[in-house]
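Here's the structure, in C-alpha cells; my notes come after.
No experiment lies behind these values; they were computed from the predicted model shown.
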Amino acid sequence: MKRRDAREIAFKLTYEMVMTGDYNTETRDDLLENGDCDSVNYINSAISGIKEHYDELKALIVKYAKGYEFDRIYKTDLALLLLSCYELKYTDTPHAVVVNEAVELAKLYSDTRSHTFINGILASVIKEDTNG
C-alpha cells in the first residue's frame with residue numbers, strides 16, 4: 001500500500017474520531033484489510049499521536065484559523081488539519097508532502113474552498129515551526 005493510501009485511511013479514522021469522539025479499531029481493521037506492516041505502523045502511529053497531542057494540535061489550529069471557532073470548522077477540514085498538523089510537528093515527513101496531500105484530500109472530500117483554508121493554516125504552522 002502506498003503512503004498516500006495509508007494517509008487517506010488515517011484521515012478517515014481521524015474523521016471518525018472527530019465525529020464520534022472515539023477511535024474504532026474495527027473501522028481500522030476494515031479499512032486496512034490489504035494493509036502492509038509499514039502502512040499499519042504509520043496509521044497506528046498517526047492516530048495515537050493525534051490522540052496524545054490533541055490539545056496542542058487544537059491550540060495550533062485555533063491560533064491560525066482566524067475568524068473560525070474550532071467547533072465550527074467543517075469536520076472534514078478539522079480531521080485533515082489534525083492529521084497534517086500532527087505530521088508537521090511530530091514526524092519527519094517533508095512539509096511539502098504533508099501540505100500537498102492534505103490539499104488533495106480536501107479537494108476530494110471537502111468543500112470547494114476548503115483546500116485554500118487548509119493550505120493557509122498549514123503554511124502558518126510551517127512558518128512558525130521554521131521561525132520558532
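Taking each heavy atom of L57 and I50 in turn, the nearest pair found is CD1-CA, 4.0 Å. In terms of heavy atoms, K66 sits closest to K63 at NZ-O, 3.8 Å. The heavy-atom pair separating A65 from I121 by the smallest distance is CB-CD1, 3.8 Å. In terms of heavy atoms, E8 sits closest to L108 at OE2-CD2, 4.0 Å.
Remark: E16 engages L13, T20, N24, T27 in a side-chain contact (heavy atoms from CB on, under 4.5 Å) (not counting sequence neighbours). Taking Y64 as the reference, E128 meet the side chain to side chain donor-acceptor pair (under 3.5 Å) condition, with sequence neighbours excluded. Here D36 pairs with S39 under the side chain to side chain donor-acceptor pair (under 3.5 Å) rule; sequence neighbours left out. Partners of K58 under the side chain to side chain donor-acceptor pair (under 3.5 Å) rule, at least two apart in sequence or in another chain, do not exist in this structure.
Between atom CE of residue M17 and atom CG of residue D22 there is a gap of 9.0 Å, rounded to the nearest 0.5 Å. Between the CD atom in E101 and the OG1 atom in T93 there is a gap of 9.0 Å [rounded to 0.5 Å]. Here S114 contributes atom OG and L78 contributes atom CG; the two are 11.5 Å apart, rounded to the nearest 0.5 Å. For the atom pair CG (D92) and CD (E87), the distance works out to 10.0 Å, reported to the nearest 0.5 Å. With values rounded to the nearest 0.5 angstrom, T14 atom OG1 is found 11.5 Å from R7 atom CZ. Note that OG of S84 is 6.5 Å distant from CG of L88, once rounded to the nearest 0.5 Å.
I118 and V97 end up in different hydrophobic clusters when Ile, Leu, Val, Met, Phe, Trp and Tyr side chains are linked at under 4.5 Å. L60 and Y74 are assigned to two separate hydrophobic clusters, defined by single-linkage of ILVMFWY side chains at heavy-atom distances under 4.5 Å.
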Original post:
Run the side chain to side chain contact (heavy atoms under 4.5 Å, CB included) check on C85 and I61 step by step: do they pass?
Top reply: CA-CA 8 Å; C85 287; I61 293 166; 4.1 Å; yes

Original post:
Stepwise, does the side chain to side chain contact (heavy atoms under 4.5 Å, CB included) test hold for Y15 with L80?
Top reply: CA-CA 8 Å; Y15 176 76; L80 283 167; over 6 Å; no

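Judged as a salt bridge (Lys or Arg N to Asp or Glu O under 4.0 Å), the pairs with a partner in residues 106-119 (not counting sequence neighbours) are, in order, E104-K107, D111-R113. Within the structure, ring pair (Phe, Tyr, Trp, His ring centres under 6.0 Å) pairs that include any residue of residues 96-127 comprise F11-Y109, Y68-F117 (at least two apart or interchain). The salt bridge (Lys or Arg N to Asp or Glu O under 4.0 Å) analysis of residues 68-81, with sequence neighbours excluded, yields no pairs. Screening residues 44-55 for salt bridge (Lys or Arg N to Asp or Glu O under 4.0 Å), with sequence neighbours left out, gives no hits. Residue pairs that meet the side-chain hydrogen bond (donor to acceptor under 3.5 Å, both in side chains) test with at least one member in residues 116-126, sequence neighbours left out, do not exist here. Pairs passing the ring pair (Phe, Tyr, Trp, His ring centres under 6.0 Å) check and including a residue from residues 78-98, sequence neighbours excluded, read H53-Y90, Y86-Y90.
A donor-acceptor pair under 3.5 Å is absent between the side-chain atoms of S45 and the main chain of Y42, judged by distance alone. Here the side chain of S110 pairs no donor or acceptor atom with the backbone of A106 at under 3.5 angstrom.
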